[in-house]
Amino acid sequence: METFGRRVIRDHFPQQHREFYHQLPFLFTGHSDSSGQVWASILCGEPGFISTPDEYHIQINTKPLPGDPLAESLSTGLKVGFLGIELATRRRNRFSATLNQKSKAGFELTIDQTFGNCPQYIQSRSIKVRAVQPTIAIERFTYFDEATMALIAQADTFFVASHSGEAVAGQASGADVSHRGGKPGFVRIDDKKTLTIPDYLGNNHFNTLGNFQVNSAAGLLFIDFERGDVISLTGHAEILWQESDIEHFQGAERAWQFKVTRLVRMKGVLPFVFDFDNYASTTEITGTWLAAEAQKQSHKNLHTWQDYRLVKVEQESRNVKAFYLSPVSGVKPTFEAGQFLTLKTDVDGQPQIRTYTLACSPHDEHYRIAIKRETNGVFSNYMHYELAVGDIIECKAPRGGFVIDPLEQRPAILLAGGIGITPILSMARHCILDTTRTRHLRELYVFCSARTPQERSFYDELNQLADRSKGLMKVYWVLSDPQDAQPGLDYQVQGRLNAEVLKAALRLDNYQVFICGPQTYMQSMYDMCLALGINDNNIFAEAFGSGAIARQTEQSNQPAVIDAEQALVTFEKSQVEQEWTPDQGSLLEFAEQHGLAPDFGCRNGSCGSCVVKKKAGSVNYSQQPQCDFDNENEVVLCCARPAASNDSGLVEVTIDC
Ligand code: FES
């Protein structure tokens, strides 16, 4: 951070910044008044009211707006933070300065620091000079009155001033003002004195939060862009490192709370108003408190079936269609790239459950799955030929542990075999599209294997993602039967992906590898990666539907758990109590033998469809399930068998099924 700061912070204005300020019609400020209250303000004037006699000084020829507390504070030595911003273009720049002298025309300052500012979350607006200046009225409160609450509830933009306080000296001391943006509803009104605000990834300077850490005094400025009113608040801010609701707030890293002590509403003071143009692309991928609350509620129903509507179908390749699904409730549970959706329907009177990996980014509007039609596939044929756009199908929220972290520093190798491309596409989309927000692009090497050009899916989409990645994502198409495709143009590798191809494409590095495809493909890729020296811990494989790969892992020193020789199993909800013996198989098979029909999907411990609550007893897994589950309190029925107990008593297992 220090090295970064030294590179981007200057003590003067470069020429382009001087020109930028010269043409601005308004400028935001932050300062601390004589009693330590911090205020954010807006200064307005005809373009040219800001000038820079030289690169170290700035002259501002205007007066604070009527009612603005800044007017009483302007005196020699005042430290002021400034933000120059052109809303229509999102150009912006910040500086801090010390007031030298006042004059009739305005005041002159010496620059302390100047630095660039990120354009994220700035909504574009066009300025319009008022035809008629309305009557100005100033109102003061110590709480949020109705009109203020109405404005804040709809605000997509505000400005926040902070100050380092007395405890900090030298270069780091002084005032700051910065922009905050989000969707309307991103500022939560907790009560008549309290606001809670999400903190998104910003410029990583932490000017505002850094100041809050040492001085809680803060000032907020809201603008009614349509009416030209300004509301200035002063009070105290506190960073909420542990705000529990923030995990459900899309795009938020943390939150902070503001408690107002004084409020000034300046009606009709701006000499201009604004037309809204559009939201910043970064704003589009953030949430609201209302949506966060809905997410929180939806997470309580993660394990229950919900209705989803099929909203679109696209033919992706010769035998693969993409299906776009949207929850009827309107709340799409968040997910991590690489996770899968569980779908259920009745076909010919028989319940059918399948899991399909999502082929979309968590920020995409709808869930998208891609299904390859199998000749005798009951579910795939139902999806391809019977389910129509507008129809409803039941789904469980996404889950699964095969996920990628876009912020991880190590490069990733993504290996997709056939329809195994779906989680790989989800991961690639997430890593590339999330860079708008995180400004970190993970290096990706994507190898997609298919038999023929007609059988590969998402060819254009992956290539377009690579084009957007500024060279950090490379896609290699591997075809075993290229037919008339052009080598080097339509595909890069003929035959099967092997170690020689990987070694030629990749430099030596510390990689994470993600593999998805048919079981034989995954096993051969896993073995190849191990042979190339990649540690088992860094190889992740999606196994559902095709069986897990055999890993070469270190032997555990834990004593092995063994199956019981006999057990009394109670399915509590169904009120079935039966004796189990090893020849009756897993608890899923045992339940089915006794006329029960628990949910299931993969039957190999990968999808999590058969996870139920355990009420009593302990179970053994011959093969550790790869799905997410709580080992203490849940049972993966398809892999579980009653475990032998240490004492000689009767083994009993009770499950909530
Ligand atoms: S059916 Fe998939 S984990 Fe049991």
Side-chain angles (χ1 to χ4, degrees), residues 302-306 335-336 338-347 350-358 369 371 374 377-380 382-383 393-403 419-420 422-423 516-519 522 540-551 561 563 569 571-574 580 582 584-615 617-643 653-657:
L302 279 188
H303 301 301
T304 59
W305 295 104
Q306 304 285 326
F335 71 97
E336 293 183 71
Q339 290 189 310
F340 59 82
L341 199 62
T342 308
L343 290 80
K344 179 168 89 168
T345 193
D346 277 5
V347 181
Q350 293 297 314
Q352 303 285 340
I353 296 175
R354 297 290 186 280
T355 53
Y356 294 100
T357 317
L358 290 158
I369 54 173
I371 300 180
E374 305 289 351
V378 175
F379 205 96
S380 65
Y382 170 80
M383 292 297 289
I393 186 164
E394 285 184 287
C395 300
K396 274 188 188 172
R399 56 190 299 169
F402 182 63
V403 295
I419 193 62
T422 52
C516 187
Q519 200 274 340
M522 290 199 302
F540 306 90
E542 176 59 292
F544 76 85
S546 53
I549 55 172
R551 287 182 176 270
V561 180
D563 295 346
V569 177
F571 298 100
E572 202 173 67
K573 272 193 196 139
S574 315
W580 175 91
Q584 288 170 300
S586 69
L587 288 177
L588 177 61
E589 292 166 320
F590 182 62
E592 289 168 338
Q593 287 158 23
H594 292 284
L596 308 185
D599 287 346
F600 68 87
C602 64
R603 297 185 85 97
N604 65 22
S606 303
C607 73
S609 301
C610 66
V611 173
V612 294
K613 286 231 162 0
K614 184 175 70 178
K615 292 294 192 72
S618 53
V619 297
N620 181 34
Y621 296 104
S622 51
Q623 178 184 321
Q624 187 61 25
Q626 296 194 0
C627 62
D628 270 352
F629 76 106
D630 173 355
N631 207 5
E632 281 293 301
N633 303 305
E634 293 179 327
V635 177
V636 184
L637 287 179
C638 66
C639 304
R641 299 152 73 93
V653 175
T654 304
I655 47 187
D656 189 25
C657 171

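Whatever order the structure lists them in is the order used to number ligands and atoms, beginning at 1.
- Listed by chain and residue number, nothing satisfies the salt bridge (Lys or Arg N to Asp or Glu O under 4.0 Å) test with R399 (two or more places apart in sequence, or in another chain).
- Atoms of the protein (N, O or S only) found under 2.8 Å from atom 4 (Fe) of ligand 1 are C610 SG, C638 SG.
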If you apply the rule side chain to side chain contact (heavy atoms under 4.5 Å, CB included), what do you find for N604 with C639, and how did you get there? CA-CA 7 Å; N604 65 22; C639 304; 5.8 Å; no
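- By the salt bridge (Lys or Arg N to Asp or Glu O under 4.0 Å) test, E394 pairs with no residue at all, sequence neighbours left out.
- Using cut-offs of 30° and 60° for the angle between ring planes, the Y621 and F629 rings count as perpendicular.
- Shown here are the salt bridge (Lys or Arg N to Asp or Glu O under 4.0 Å) partners of R641, two or more places apart in sequence or in another chain: D563.
- Counting heavy atoms from C-beta outward, L587 and V612 have side chains that stay 4.5 Å or more apart.
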